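Every chain is numbered from 1, with letters handed out A, B, ... down the list of sequences. In this text the structure is predicted, and so the values were computed from the model without any measurement.
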Amino acid sequence: MVSPREKAMAKQMAKDPQKTAVTTTLEVIPANALDIPMFQVLKEDGTVHKGAKLPDINKELALKMFSTMQFIRVLDERMIAAQRQGRISFYLSSLGEEAAAIGSAAALQFEDMIMGQYREQGALAFRGFTIEQFMNQLFSNAKDLGKGRQMPVHYGCAALNFMTISSPLGTQIPQATGYAFGQKQSGEKTCTLCYFGEGAASEGDFHAGLNMAAVYKVPVIFFCRNNGYAISTPASEQFAGDGIAPRATGYGMKAIRVDGNDIFAVYAATQEARRLAVEENEPVLIEAMSYRMAGHSTSDDPTGYRTREEEDARRVREPMVRFRNWLLKKGWITEEEADAQQQSHKETVLAALKEAETVPVPALEEIIVDVYDTPTQALQEQLESLKAHIKKYPDAYPKTSGGVK
Amino acid sequence: MVSPREKAMAKQMAKDPQKTAVTTTLEVIPANALDIPMFQVLKEDGTVHKGAKLPDINKELALKMFSTMQFIRVLDERMIAAQRQGRISFYLSSLGEEAAAIGSAAALQFEDMIMGQYREQGALAFRGFTIEQFMNQLFSNAKDLGKGRQMPVHYGCAALNFMTISSPLGTQIPQATGYAFGQKQSGEKTCTLCYFGEGAASEGDFHAGLNMAAVYKVPVIFFCRNNGYAISTPASEQFAGDGIAPRATGYGMKAIRVDGNDIFAVYAATQEARRLAVEENEPVLIEAMSYRMAGHSTSDDPTGYRTREEEDARRVREPMVRFRNWLLKKGWITEEEADAQQQSHKETVLAALKEAETVPVPALEEIIVDVYDTPTQALQEQLESLKAHIKKYPDAYPKTSGGVK
Amino acid sequence: MAKMNLLQAINSALDVAMAKNDKVSVFGEDVGHFGGVFRATSGLQEKYGRNRCFNTPLVEQGIIGFANGLAAQGSFPVAEIQFGDYIFPAFDQIVNETAKFRYRSGNEFNVGGLTIRTPYGGGIHGGHYHSQSPEAYFAHTPGLKIVIPRNPYQAKGLLLSAIFDPNPVLFMEPKRLYRAAVGEVPEDDYTIPLGKAEVVQEGTDVTVVGWGAQVEVIERAAELAAKDGVSVEIIDLRSILPWDADTVAKSVMKTGRAVVSQEAPHTMAFGSEVAATIQEQCFLYLESPVMRASGLDTPYPLAHEKEYFSDHLKTYEAIKRSLNY
Amino acid sequence: MAKMNLLQAINSALDVAMAKNDKVSVFGEDVGHFGGVFRATSGLQEKYGRNRCFNTPLVEQGIIGFANGLAAQGSFPVAEIQFGDYIFPAFDQIVNETAKFRYRSGNEFNVGGLTIRTPYGGGIHGGHYHSQSPEAYFAHTPGLKIVIPRNPYQAKGLLLSAIFDPNPVLFMEPKRLYRAAVGEVPEDDYTIPLGKAEVVQEGTDVTVVGWGAQVEVIERAAELAAKDGVSVEIIDLRSILPWDADTVAKSVMKTGRAVVSQEAPHTMAFGSEVAATIQEQCFLYLESPVMRASGLDTPYPLAHEKEYFSDHLKTYEAIKRSLNY
Ligand SMILES: Cc1ncc(C[n+]2csc(CCOP(=O)(O)OP(=O)(O)O)c2C)c(N)n1
Ligand SMILES: Cc1ncc(C[n+]2csc(CCOP(=O)(O)OP(=O)(O)O)c2C)c(N)n1
Ligand SMILES: [Mg+2]
Ligand SMILES: [Mg+2]
């Protein structure tokens, strides 16, 4: 029905000669034209799917991943309790999503930059953030790398190539594109991995970051944790599409959908994405399907918007038991070893908590530091009058008045 | 490889039981997983594709569409010249894209709201905006519905259900979703059609507006004019994907790609989109492939970024000759009639231009009107001192001092 | 009359507005079934249905863009931005669109039905992004109204005015007082005029100007000053835009001294406008410069929140500086 | 030295910076091959390649988000926003991210390498969206520097300072002067310090403060005043944040009178901060209130641009009001 010349013209018009054909019947592209399956290696019971290929993970790495998982679960549990006891003001658990963060971080090189949202403490722990470092941040004390300026869980560490977390959602997505652009320009064979939730993917910054990454072909992995909720808002009220993965096609970007509760699948997917990013300059969007088993944060009570039944139905798919079962069957760990490890994590966490609690807040002088590279004259004056004020009313500012000379 | 139970679980997890299947082999979804053809009825020479179905358009409507096309081309040409002569400060031509605006507007009901970007004067003319109204806006005179406040081509008319144009790109996209939400809530069987360029589709507001429309299932048609350029930026540096249409799938929205230079294809596509929007509450994204034959605006000189050869290659696909040829062959118009019509448009346009030029600027008092529903006390005071000032220096404010008593 | 906290007063205002006019709808992140993270919209979805009280996707620029369109269509959208700190992605829609909609169209179209609600302010251990007081960022925007209540009675009356005011209104709620401020509030419909300040306490020696949660801080400072024998006149602006310079000027002409106390960082906070205008209008009456007690010119810190905050003691000291100049 | 207009001076600064340090890159809408709609980046892609001078997709929030990431990585991105009126979609990235990047991380990370260039201001028949002067919107943001040159010499020297300053800088260019302002400019590298005002003309009777394109307006007003025998001291702030209150205060202590002349709408324009600070620091020296000549509190109109504008006559009248108070 269409002449070759017509076809050629149409192709030229769409800029990419490969892409557009002409049709003479009105075709409405259906709302879900793509069908993207979810990659899974481990079954729920920890056995491997028949025919599925395990990623190349040695015992040491597997045990490090498992230990990090157990550690994070202990940390999360302990700090939720600490918040309830009023020892810290806020906490945010990654319960049920540990495999997504740890499996992906494990597939990176240490030099790769990680930009997180706030529920990826597993990635940070895998990188080597110490329990003391976690605690110092959570207690906003003088040893916190962030100098006590942000709320708990807003970790960051330059030495570990882990960008400091920022609360406004989605902002790190175009930043990751820019960071990766710099990596590509510098010629180092590194990439940036950027985590975000399916809720944050609604922000305009998501659109900006992904489109620009596809245009510039930068080594970035966009890792979406689709955990079904944004605070109380279920994914069904967040978007009408089939999750986040099909959006990649809209940008001309590659995509992988993976079971976020299967640490091997996450590892393998991220490894392949890293290869594409670093070796072929192909940005990749990974959508990891999981479930936020905890409340959104300690400020949230999920019973207001979902049922116990729903939670129970999801709990059976949780990632840690699955991985543990695989390790047990494989013989790389025993029940007793696993339990002992967890016990030991508990003790470490508790000891560090108690220690961090005793560290004072940062010195008052820090209040004006880092606004600029050096404090402006106006800030110095503001600090001086603040000091004079505190000296006048030391009891009103008990945390800092002791240090004001 | 995957048990039925596994499959069921996976489906449940993705919220929509129909959607997610499990795969045990790592599948990377390619960057251009969708292949969206372009709908065309009329061939370049104005003959109908074999087997293609013409939309149901009677002679009267066809001639109105054609007359509007001719009118707009005359208007655009004349006003570019007027700008060159220094009679107006700015103009923006829709040369080559007349079919997209007029064909789509013709497929709507008059009660449907149109929200434009700035290159859809054809839609406004089709709705009945008079040449006087065009001219009054272009000359920012006292009769301009917009009271001379915005640059030329920022038309708007409540009586014609055509929202006033705003320069910031993309802002009208989520607004269209909101407008359509109101239409749906009110129970009237109307929709909103929202025009924007492929450049504007990069804005965060595009993402916001389309995603929300898909979630709320509102009667809105997003009409993207993909004309290959955003000022000097070619589409190839705007996005890496296959145009704009595949993004709809990412939002779970229906899409149609159409030849924007084929007025029948545009008409048919918009008619079907309107049916889906109004009768099935299905928002639709239409991507109309065209080419911006003029410079971006009178401030632009395209020879700085594209070749004559490219322009010539595109010119052969232009929409007006194609439509005219069809009308001639059909016998609904003769060469002489068409030429006479064009000549008559020329005279009308010139007369209106001369008339509008003589109308003075809006009264000075208008400067504080419409900031709020009624001017605040502070604004009244500002106006009073402005008046006193102008009385003191009447020569410095020649356009308004005569009216200041 | 009923005892309500500030949240309940907001909820009651929304309830009254929705009952009164079925073109009023409320939406935002988590405001639907859940009733909002602070529960301000609690119960409204059950009562008015999912079409009039609903969740939005997580996109502030979309929430306000959508709301602009809905208002242009003739509705009265009440859009919630979950925290004032997250209003900035919507800055373009508010400053370039909402505020200019009527003017640019010559009144062919307007978004007068729009109200944007957002919690603001510190003192809740929120650090950088749950503590900001961004009113000054918006106050440079002709076409917008900005309103901030200080207690439950005001919250309900001002919000009802805002919703039905024929201009778009940014309504900022002092989240520190959501549960802390409790008072008698009429259960029915009533309004408080926009653009008018309130003299909260009469005095003769110095005028102290504030708004929202800061008024309580000023009251404590005034008590300290009273012990020194100083009589403080306290003015609550209630509206930041347009603001009631007349009431402030009248007071300052009487007292001869003025202090502004505000939460936001010092430079370019709204107190700058108050000081600039008052020194102009009251120049010959002023016995000392208009003083400002403000937050420090830093992002909002967590561990040093107490030190950062322009509390009652700093306000009291500013009053003394004004008197002893 | 060479004769350059303001655009050529900008172009020369970019050229020098890119030649000096290969981590400097410039990008924005249409800045690549085409050289920007004003041609400020003309020739740079040819000279430094598509990796260092390139077009971006049409998304301001993305441009600044991308630039933030690139700066955090250790580069010196110079991002162009095509018009100051279109910077608002990037407001969140600038105010919540750029400005707070270093502070919130305890200096683990910073975006000090970032410079944002954008043309601002009216007088070019641009109406609502090609005329705004949005500096005040950003001046409430600790962590940001804001710089505005008034002529080609300043433009180059200040831009070179901005690019290599270890803090993020918003660099606003007076587009009305792009081609109109011509002057001698060194072809090589040189810098002008940020945060320091310049006394453009010494005088004894009244201090008039301005910045950017407005300085020329003030000069014309000062000429009119000179004919009345009034000696005007003119101060160009050059930096809006941090701003040089000391230089202004010193001048006002000498002259006893102050006027600010500014393009932006009156309420909450940067002149409010100047007036608030000066009345505080110079209270005992002031013989009349600090006066402000500003745009009207309306969106920027087209047909009435001349009437709206705070031109030399309005500035001259403000000077007279200050003197005759
Ligand atoms: C710009 C912005 N808007 C709103 C919020 C408040 N908020 C914090 S977390 C959250 C939900 C995020 O959901 P998602 O991205 O799915 O991540 P998850 O919590 O599920 O890991 C919201 C609305 C915010 N932090 N930033
Ligand atoms: C937010 C915003 N950024 C930048 C601009 C400047 N601008 C005006 S038109 C334009 C190009 C638009 O291209 P497209 O959307 O493809 O529409 P077309 O001109 O091709 O019809 C640009 C960058 C603007 N008006 N608004
Ligand atoms: Mg989520
Ligand atoms: Mg285009």
- Taking the six-membered ring for Trp, is the centroid-to-centroid distance between Tyr325(C) and Phe283(D) below 6.0 Å? yes

- Quick one: are the ring centres of Phe138(D) and Tyr137(C) less than 6.0 Å apart? no

- Message: Check this for me: Lys320(C), atom NZ, are more than 12 non-hydrogen atoms of other residues, nucleotides or ligands nearer than 6.0 Å?
- Response: yes

- When you look at NZ of Lys254(C), are more than 12 heavy atoms from neighbouring residues, nucleotides or ligands closer to it than 6.0 Å? yes

Identify the two heavy atoms, one from [X] and one from [Y], that lie closest to each other, and give their separation to 0.1 Å.
| X | Y | value |
| --- | --- | --- |
| Ser133(D) | His140(C) | O-NE2, 4.3 Å |
| Thr267(C) | Ala139(D) | CG2-O, 3.7 Å |
| Met268(D) | Ala269(C) | CE-O, 3.8 Å |
| Ser272(C) | Ala276(D) | O-CB, 3.6 Å |

Chain D contact via [X] - which portion, at a heavy-atom distance below 4.5 Å:
| X | answer |
| --- | --- |
| Val290(C) | both |
| Gln61(C) | side chain |
| Leu241(C) | side chain |

- Item | Euclidean distance, Ile278(D) CD1 relative to Gln279(C) CD, rounded to 0.5 Å | 10.0 Å

- Query: About how many Å separate OG1 of Thr277(D) and NE2 of His266(C), when rounded to the nearest 0.5 Å?
  - Reply: 5.5 Å

- Task: Give the member of Pro242(C), Ala264(C), Gly271(C), Pro89(C) that has the highest number of heavy-atom pairs under 4.5 Å with chain D.
- Result: Pro89(C)

- Task: Could you tell me which of Ala136(C), Pro134(C), Ala275(C) has the largest number of non-hydrogen atom pairs under 4.5 Å with chain D?
- Result: Ala136(C)

- Glu280(C) and Arg321(D): CA distance, side-chain angles, deciding distance, salt bridge (Lys or Arg N to Asp or Glu O under 4.0 Å) verdict: CA-CA 11 Å; Glu280(C) 202 175 329; Arg321(D) 280 204 311 281; 5.3 Å; no

- Side-chain touch Asp92(D)/Phe91(C), heavy atoms, less than 4.5 angstrom: no

- Do Phe88(C) and Gln93(D) have side-chain heavy atoms sitting under 4.5 Å apart? no

- Message: Just by distance, no angles: are the side chains of Gln132(C) and Asn96(D) close enough, under 3.5 Å, to form a donor-acceptor pair?
- Response: yes

- Message: Below 4.5 Å, heavy-atom pairs only: which of Leu296(D), Leu302(D), Ile87(D), Leu284(D) has the largest tally toward chain C?
- Response: Leu284(D)

